[in-house]
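Structure record follows, encoded as structure tokens.
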There are 2 protein chains.
Amino acid sequence: MSWDLKSDRPIYSQLIEQIEIKICSGIFAPGSKLPSVRELAQEAAVNPNTMQKALSMLEEHGLLYTNRTSGRFITEDIKMIQQAKQKLAQEQISEFLEKMKSLGLNKTETLSIITTMLEEAKK
Amino acid sequence: MSWDLKSDRPIYSQLIEQIEIKICSGIFAPGSKLPSVRELAQEAAVNPNTMQKALSMLEEHGLLYTNRTSGRFITEDIKMIQQAKQKLAQEQISEFLEKMKSLGLNKTETLSIITTMLEEAKK
DNA sequence: ATTATTGTATTAAGTACTTAGTACAATAAT
DNA sequence: ATTATTGTACTAAGTACTTAATACAATAAT
């Protein structure tokens, strides 16, 4: 469980992103119980207040729910998770293409760079 | 000249990124004079101190140089600009692929999504 | 020579983020 | 019944970022 947090952005915001990703990718399975706020905070080397902030904000998205004293749980609604995953992927892609465009790279140039990078990665 | 700045990240950092992009894409042409700190600050609706911070940090990258009282200028070194552009593109791409991977999409899946999205865009 | 513009520096204030430390109510575990 | 664990709330402190308001030295423009 890697939590590499950078200092150029609010930590709580990065935590939200990463937890969301862990849910969407199945690392945090549907219906399963999350580690406690204190545990997660220690894992991520972060103050419990900060983790608490991230988790409570994440609940607004509906991917989590809280049982007051037994802990937090991932939603069992697989369809909701699937939708969140799809939404995350599309956001990333369009954001990425937008940046490439602003750099002045047309589509073929972008594709060519990607493919060469993937070729490099195979070696 | 659009400067849409978000509040979830330090402004100076976003300014650096966007100015770098404007240089790499040719919006700020090689050898040309930049608007003054005060002008740029007003354009971006930002405090002059913040713009100054971004610009002075940008100079460390070598894309800008300062003539103490006549203003700031874009480097004439086209090769350096080209390299910066390439570096920016590669950073964006690997960052993007990393996120896709964390979402559970491997590189070939990601590549296929992109190509189909680019095909869609042509229509 | 005078004026305007340039980058730069400084101080003060406000805000957001993070941490440390503590505490409380509810309930699961014993 | 008692204890431990849960989420939650609160205060105080430190740091980083941003803005406002000036000010200064160098030099381009007049």
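All figures in this text were calculated on a predicted structure; none of them were measured in a lab. Note on naming: letters A, B, ... go to the chains in the order of the sequence lines (proteins, then strands), and numbering restarts at 1 for each one.
Atom CG of residue B:Leu111 and atom CD1 of residue A:Ile114 lie 6.5 Å apart, to the nearest 0.5 angstrom. Put simply, OG on B:Ser102 and CD1 on A:Ile21 are 3.5 Å apart, with the number rounded to the nearest 0.5 Å.
Considering only side-chain atoms of A:Lys33, the nucleotide from D:dT6, C:dA28, C:dT19 that sits closest is D:dT6. Closest contact between the side chain of B:Glu39 and the listed nucleotides D:dC17, C:dT6, D:dT8 involves C:dT6. Of the candidate nucleotides C:dA20, D:dG7, D:dA20, D:dA20 has the atom nearest to the side chain of B:Asn47.
A:Gln14 places a side-chain N or O within donor-acceptor distance of the main-chain N or O of A:Arg9, the cut-off being under 3.5 Å.
When rounded to the nearest whole Å, the span between CZ of B:Phe73 and P of D:dT27 equals 14 Å. Summarising the geometry, the separation between CZ on B:Arg68 and C1' on D:dT27 is reported as 10 Å, rounded to the nearest angstrom. Straight-line distance from the CG atom of B:Leu34 to the P atom of C:dT6: 12 Å, rounded to whole Å. When rounded to the nearest whole Å, the span between CZ of B:Arg72 and P of C:dT6 equals 12 Å. Going from atom CZ of B:Arg9 over to atom C1' of C:dA16 covers 16 Å, rounded to whole Å. In this structure, B:Ile16 places its CD1 atom 10 Å from P of D:dC17, rounding to the nearest Å. The CD-P distance, from B:Gln42 to C:dT5, rounds to 13 Å in whole Å. In this entry the distance linking CG of A:Leu5 with P of C:dT19 reads 9 Å, nearest Å.
Within 6.0 Å of NZ on A:Lys33 lie more than 12 heavy atoms contributed by other residues, nucleotides or ligands. The number of heavy-atom neighbours closer than 6.0 Å to CD of B:Glu91, taken from other residues, nucleotides and ligands shown, is above 12.
The phosphate of C:dG7 has neither OP1 nor OP2 within less than 4.0 Å of any side-chain N or O from B:Thr69. Put simply, B:Thr66 has no side-chain N or O that comes within less than 4.0 Å of OP1 or OP2 on C:dG7.
Counting non-hydrogen atoms under 4.0 angstrom, A:Arg38 reaches a base of the nucleic acid.
Along DNA chain C, the nucleotide closest to A:Ser13 and the one closest to A:Ser70 are compared, and the more 5′ of them pairs with A:Ser13.
Heavy-atom distances under 4.0 Å link DNA chain C to A:Asn49, A:Thr50, A:Lys53 of residues 49-62 of chain A, given in residue order.
The heavy-atom pair separating B:Leu15 from B:Ala54 by the smallest distance is CB-CB, 3.7 Å. Across all non-hydrogen atoms, the minimal contact from A:Ala44 to A:Met51 is CB-CE, 3.9 Å. The two residues B:Ile74 and B:Pro30 make their nearest non-hydrogen contact at CG2-CA, 3.9 Å.
For the residue pair A:Gln18 and A:Trp3, no side-chain donor N or O sits within less than 3.5 Å of a side-chain acceptor on the partner. With hydrogens and angles left out, the side-chain atoms of A:Ser2 and A:Asp4 include no donor and acceptor closer than 3.5 Å.
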Its dot-bracket string being built from Watson-Crick and G-U pairs below 3.5 Å, with | for another strand and [ ] for crossing, DNA chain D has the pattern ||||||||||||||||||||||||||||||
